[in-house]
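Letters A, B, ... are given to chains in the order of the sequence lines, protein chains preceding strands, and every chain is numbered from 1.
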2 protein chains.
Amino acid sequence: MVDIRNLIRDNRLRVGDVLPSENALAAQLGISRTVAREALRGLAALRILEVGSGRRARVAGATSETLSAILDHTAYTRQLSVVQIQDVRRTLEMRTVSLAALHRSAEEAQALLQTIEGMMEAVQRDNPHSVMDLDIRFHEIIARASGNPLYSVLVDSFRVITRQTWHIGWRARGSHESRVENIKCHERIATAVIEQDAARAEAAMAEHFDSSFMVLMRAGVS
Amino acid sequence: MVDIRNLIRDNRLRVGDVLPSENALAAQLGISRTVAREALRGLAALRILEVGSGRRARVAGATSETLSAILDHTAYTRQLSVVQIQDVRRTLEMRTVSLAALHRSAEEAQALLQTIEGMMEAVQRDNPHSVMDLDIRFHEIIARASGNPLYSVLVDSFRVITRQTWHIGWRARGSHESRVENIKCHERIATAVIEQDAARAEAAMAEHFDSSFMVLMRAGVS
DNA sequence: TTGTCCCAGGTTGTATGACAGCTTTTTCCA
DNA sequence: TGGAAAAAGCTGTCATACAACCTGGGACAA
């Protein structure tokens, strides 16, 4: 098994640096281009490298796509239940919201407010798809505001799987009032983060997840 | 971009099921074997498929290797600090230890005790490598005992990266007494989990992470 | 001088054919 | 019937070829 990661390490490559071409690698390692290429593509699948037609491979930054694909697959093959996934999300986000309250920038505060505003509008227009996108973005903004990129990657990787169950929650929250209340809950989280009140932010996030949990349970999701 | 994942979905494949051969896939999708093979290897890199010489590709179960490789790479390219990684570990493990206290089996309780015993012995023999392996295993047992495989995967993913910083903590805990105290701390966690006292287990885990944090800080790790 | 266009060379993407080595299946003999 | 040997199937690797694509640099015009 050819491991290009050693190459990245040995050459002290940083994010954005380019690697040798497939032919150069093959010659350097004494293997065929086929094998060199496969090794590169393996790391590209992990998003450790960024490859593209005609351009050399580059060392890539952190993204959530890889873990997202794994989560998706793991859930799909029934190795994970919705409740188990929500438990992990809750654990992570109880921390991110607390850190976000401590570290948020002015721009992030602004972004949270805009997202809430957009959600409220979308609910009035009865546009669930738009509400969902903004809902997911809301959580991602908070994760980013935590200042810890690992939380960002982890929370973002739930996006694909959240999109698959989100509509269940929406339908289960049948009434317009119930949906508005859900947005208000997001608003309480945002307000606490903006006012940099970590304890209140955590409490609001707990309320949010507990409420979602109840809704999913009543809808018969396991 | 050829996506074999759709194939897994459309054929309702489950963990352990075999996929068509590279040639069959190529014919089926109207592409060359080269491309079919690359698509398979891409999923193999994510550990979504399990491939092996001479044998057909199989749908794989959840492992921590993928996320582990990503964490390793992300930390290596300086996108993550030790403190940030420890923060995420702490967040996850505060929850796993609580769940473990609630769900632990008799076997898991036994395994925890054995691990502690082994750690104490290894400390007496002044064998840090062995202490480290048991330390890491201790946390993995707790994650497994949580009953949520996603926590297991996440906690296990930190193994590679923990191995790289663990020795700093060991050396920073210069005295024999300090090292024994660290094991005792593990023991308090284990006892609480075995007695199914979730609150005490959380408190002991908090103490453990806070202590490690202080040690690393004093050692000048950022 | 400066900005734009174009082109040549380098690089990746895909296809084909070949063969060694490993695994699974089938066949056949004791 | 049990087990060994042969056959078939599959993956791993290599070499070659060419299309598609990107990048940098030079020619050219404003």
Side-chain angles (χ1 to χ4, degrees), chain A residues 1-63 65-66 68-70 73 77, chain B residues 1-63 65-66 68-70 73 77:
Chain A
M1 173 63 188
V2 181
D3 197 353
I4 308 283
R5 271 184 293 172
N6 292 331
L7 195 104
I8 298 179
R9 275 176 162 56
D10 296 347
N11 293 41
R12 308 210 179 293
L13 297 183
R14 290 286 174 267
V15 173
D17 291 353
V18 298
L19 272 76
S21 72
E22 295 177 355
N23 276 316
L25 266 179
Q28 187 177 327
L29 302 174
I31 53 180
S32 71
R33 189 186 150 205
T34 311
V35 177
R37 182 180 166 79
E38 260 179 21
L40 287 173
R41 296 305 295 241
L43 292 185
L46 298 175
R47 297 292 189 279
I48 285 177
L49 294 182
E50 188 186 346
V51 300
S53 168
R55 55 195 315 170
R56 302 258 284 274
R58 286 177 149 72
V59 177
T63 76
E65 281 174 65
T66 321
S68 178
I70 300 166
H73 172 256
T77 53
Chain B
M1 173 64 187
V2 180
D3 197 352
I4 307 283
R5 272 185 292 174
N6 291 330
L7 195 105
I8 299 178
R9 275 177 161 56
D10 296 347
N11 293 44
R12 307 213 179 290
L13 297 183
R14 291 284 176 268
V15 174
D17 291 352
V18 298
L19 272 76
S21 73
E22 295 177 354
N23 277 316
L25 266 178
Q28 187 178 327
L29 301 175
I31 53 181
S32 71
R33 190 187 150 206
T34 311
V35 176
R37 182 178 166 80
E38 258 179 22
L40 287 173
R41 297 304 298 242
L43 292 185
L46 298 175
R47 297 292 189 277
I48 285 177
L49 294 182
E50 190 186 345
V51 299
S53 168
R55 55 196 318 168
R56 302 257 285 275
R58 287 179 148 72
V59 178
T63 76
E65 281 174 64
T66 321
S68 176
I70 299 167
H73 171 256
T77 52

Under 3.5 Å between N/O atoms: give me all the protein pairs with nucleotides 14-21 of chain D, atom names plus distance.
{"residue": "D:dC14", "atom": "OP2", "partner": "A:Ser32", "partner atom": "N", "Å": "2.9"}
{"residue": "D:dC14", "atom": "OP2", "partner": "A:Ser32", "partner atom": "OG", "Å": "2.7"}

key: Short N-O contact, A:Arg55 and A:Glu50, less than 4.0 angstrom   =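 Salt bridge absent between A:Arg55 and A:Glu50.
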query = How is the base pairing of DNA chain C summarised as a dot-bracket string, given the Watson-Crick and G-U wobble criteria with both distances under 3.5 Å, [ ] for crossing and | for another strand?
reply = ||||||||||||||||||||||||||||||
query = Which residues, if any, of residues 16-29 of chain A bring a heavy atom under 4.0 Å of DNA chain D?
reply =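 Residues of residues 16-29 of chain A that come under 4.0 Å of DNA chain D do not exist, since none gets that close.
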ask   = Taking atom P of C:dG13 as reference, at what distance in whole Å does atom CZ of A:Arg56 sit?
value =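 After rounding, the gap between these two atoms is 13 Å.
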request  = Using whole Å, report how far CZ of A:Arg41 lies from P of C:dT11.
outcome  =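 Taking atom P of C:dT11 as the reference, CZ of A:Arg41 is at 17 Å.
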Return the [atom1] to [atom2] distance between [X] and [Y], rounded to the nearest 0.5 Å.
X       : Y       : atom1 : atom2 : result
A:Ile70 : B:Ile70 : CD1   : CD1   : 5.5 Å
A:Leu7  : A:Arg5  : CG    : CZ    : 12.5 Å
B:Arg58 : B:Asp17 : CZ    : CG    : 9.0 Å

inquiry  = Is there a side-chain contact between B:Arg37 and the phosphate of C:dT14, meaning an N or O under 4.0 Å from OP1 or OP2?
reply    =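 For B:Arg37, the contact criterion (side-chain N or O under 4.0 Å from OP1 or OP2 of C:dT14) is not met.
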message = Donor-acceptor check, side chain of B:Asn11 to backbone of B:Leu13, threshold 3.5 angstrom: yes or no?
response =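 Here the side-chain-to-backbone pair does not exist.
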How about [X] and [Y]: do any of their side-chain heavy atoms sit closer than 4.5 Å?
X       : Y       : value
A:Ile4  : A:Leu25 : yes
A:Ile48 : A:Ile8  : yes
A:His73 : B:Leu46 : no

query = Does anything in residues 42-50 of chain B reach DNA chain C, meaning a heavy atom under 4.0 Å, and if so which residues?
reply =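 Those residues whose heavy atoms fall under 4.0 Å from DNA chain C, taken from residues 42-50 of chain B, amount to none.
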ask   = So which pairs with a foot in residues 25-36 of chain A pass salt bridge (charged side-chain N to carboxylate O under 4.0 Å, His left out), sequence neighbours left out?
value =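 For residues 25-36 of chain A, and leaving out neighbouring residues, the salt bridge (charged side-chain N to carboxylate O under 4.0 Å, His left out) pairs sorted by first residue read A:Glu22-A:Arg33.
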ask   = Can you list the residues that meet the side chain to side chain contact (heavy atoms under 4.5 Å, CB included) rule with A:Arg9, with sequence neighbours excluded?
value =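 Partners of A:Arg9 under the side chain to side chain contact (heavy atoms under 4.5 Å, CB included) test: B:Asp72, B:Tyr76, B:Gln164.
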